[in-house]
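Heads up: numbering here begins at 1 and tracks the sequence. Ligands are counted one by one from 1 in listed order, and the atoms in each one are counted from 1 as well. Side chains are part of it too, since the values below use all heavy atoms of this structure and drop only hydrogens, waters and symmetry mates.
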Amino acid sequence: MILIDGKKAAAELREELKVEVSELKSKYNKVPGLTVILVGEDAPSQIYVRNKEKSAKEVGLKSEVIKYPDTVEEKTVLNKIEDLNKDESVSGILVQLPLPRHINKQKVIETILPSKDVDGFHPMNVGNLSSGYESSIPCTPLGCYLMIKKIEPNLSGKKAVVVGRSNLNGKPMTQLLLKENCTVTITHSKTKDLKGECLKGDIIVAAVGIPELVKGDWVKKDAIVIDVGINKTEKGIVGDVAFQEVSKVAKALTPVPGGVGPMTIACLLKNTIECFKRSN
Ligand code: NAD
């Protein structure tokens, strides 16, 4: 079984991006800039944002974090986004989710200029991705896609099963696999025979949020299994896939932690660079 090392894949991607940033710097005499807006004190968000900033600096991006208390008015955040939209030194804007309840998430997402939407959440980018046009692609599914392609460069005709239909993961993952000519089944909490559906997959991507939902006998021999889940349990952080059992049947599998997570951040940097290139 191939253990898909997300840390290694992310380090390799960051190296490539570092070279690209340095070439862009020589060509344009400026570097791509990423601005992250963080509202409130949510502990995981603080950690994610710190990691994003560290990685951005490592590849040579200009990186800035704007912090607001969780009492900040929605208008203040929207005004700041408007300013960043106009700021030529800012290539990408990311508003860290979740936001406090008094701030309308959709309004925030739609205020970010689609060309600076490094998360790929703006309806314009969502529509472009599903139409097969150039767009920002949500970072987590993009990372999954790149890891799958490393194992299997030609996905044409493969059966892929995506477990979970969130806007963040399941839906964009489905679009990416469709673009690769996979036959994709998207499953969710109301799916009748989840095990039976999973068993058909040459590729399974699990993005649910239920610890070890996908069992060993749900997986076809030699399938590629990507585990997006991050679940806190008594035995520590586990994914949505029962790692030990599935590792006995799968051809390749991502661990949790150390699989999809590191690639997500590297893909955010990639998206920032793509936004810079498109705007120049
Ligand atoms: P979500 O809660 O928005 O969506 C979960 C999806 O799972 C829903 O579509 C729901 O229909 C489906 N689902 C729920 N119960 C199910 C069941 N019993 N059978 C089949 N499907 C079921 O979650 P999300 O934001 O997509 O996140 C999913 C997981 O991925 C979480 O554990 C989250 O922490 C993790 N995550 C990881 C990364 C990363 O970088 N590795 C990034 C984002 C999210």
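Remark: Glu53 does not engage Arg50 in a salt bridge, criterion side-chain N to carboxylate O under 4.0 Å.
Protein heavy atom in closest approach to atom 8 (C) of ligand 1: Arg165 N, 3.9 Å. Protein heavy atom closest to atom 42 (C) of ligand 1, with residue, atom name and distance, is Thr140 OG1, 3.3 Å. Looking at atom 19 (N) of ligand 1, its nearest protein heavy atom turns out to be Leu194 CD2, 3.5 Å. In this structure, the protein non-hydrogen atom closest to atom 21 (N) of ligand 1 is His188 C, 3.1 Å. Annotation: atom 29 (C) of ligand 1 to nearest protein heavy atom, Gly209 N, 3.7 Å. Val228 O, 3.7 Å is the protein heavy atom nearest to atom 36 (N) of ligand 1. Residue, atom and distance of the protein heavy atom nearest to atom 34 (O) of ligand 1 are Ile230 O, 3.5 Å. Among all non-hydrogen protein atoms, the one lying nearest atom 26 (O) of ligand 1 is Ser166 OG, 2.6 Å.
Contact annotation: Ala207 has at least one heavy atom less than 4.0 Å from an atom of ligand 1.
For Lys62, the NZ atom is densely surrounded, since the number of other residues' heavy atoms within 6.0 Å is greater than 12. Annotation: Lys25, atom NZ; neighbour count of heavy atoms from other residues, nucleotides and ligands within 6.0 Å does not exceed 12. The environment of CD in Gln106 is crowded: more than 12 heavy-atom neighbours from other residues, nucleotides or ligands sit within 6.0 Å. More than 12 heavy atoms of other residues, nucleotides or ligands shown are found within 6.0 angstrom of NZ on Lys215. Lys105 NZ: 12 or fewer foreign heavy atoms inside a 6.0 Å radius. Counting heavy-atom neighbours within 6.0 Å of Glu73 CD, excluding the residue itself, gives a total of 12 or less.
In the vicinity of Thr264, heavy-atom distances shorter than 4.0 Å reach the ligand 1 atoms 39 (C), 40 (O). The atoms of ligand 1 that sit less than 4.0 Å from any heavy atom of Ile210 are 15 (N), 16 (C), 17 (C), 18 (N). Of all the atoms in ligand 1, the ones that sit under 4.0 Å from a non-hydrogen atom of Leu168 are 25 (O), 43 (C). Of all atoms in ligand 1, numbered sequentially from 1 with element shown, those under 4.0 Å from a heavy atom of Asn231 are 32 (O). Heavy-atom proximity to Gly261, at under 4.0 Å, picks out these atoms of ligand 1: 40 (O), 41 (N). Remark: ligand 1 atoms within the under-4.0 Å shell around heavy atoms of Gly164 are 6 (C), 7 (O), 9 (O), 12 (C). For ligand 1 and Asn169, the ligand atoms under 4.0 Å from any heavy atom of the residue are 24 (P), 25 (O), 26 (O), 27 (O), 43 (C), 44 (C). Which parts of ligand 1 touch Val260 is read off a 4.0 Å heavy-atom cut-off, strictly below it: atoms 41 (N).
Put simply, the residue from Thr140, Leu94, Leu142, Leu61 that forms a side chain to side chain contact (heavy atoms under 4.5 Å, CB included) with Leu268 is Leu94. The one candidate from Lys251, Lys158, Lys220 that meets the side chain to side chain donor-acceptor pair (under 3.5 Å) condition with Asp202 is Lys220.
Between the side chains of Gln175 and Ser130, no donor N or O sits under 3.5 Å from an acceptor N or O. Asn280 and Lys27 share no donor-acceptor pair across their side chains, judged by distance under 3.5 Å alone.
The closest heavy-atom contact to atom 23 (O) of ligand 1, among the options Val163, Val208, Thr187, comes from Val208.
Partners of Lys86 by side-chain hydrogen bond (donor to acceptor under 3.5 Å, both in side chains), not counting sequence neighbours: none found.
Of the polar atoms of Ser189, at least one N or O is found under 3.5 Å from an N or O of ligand 1, judged by distance alone.
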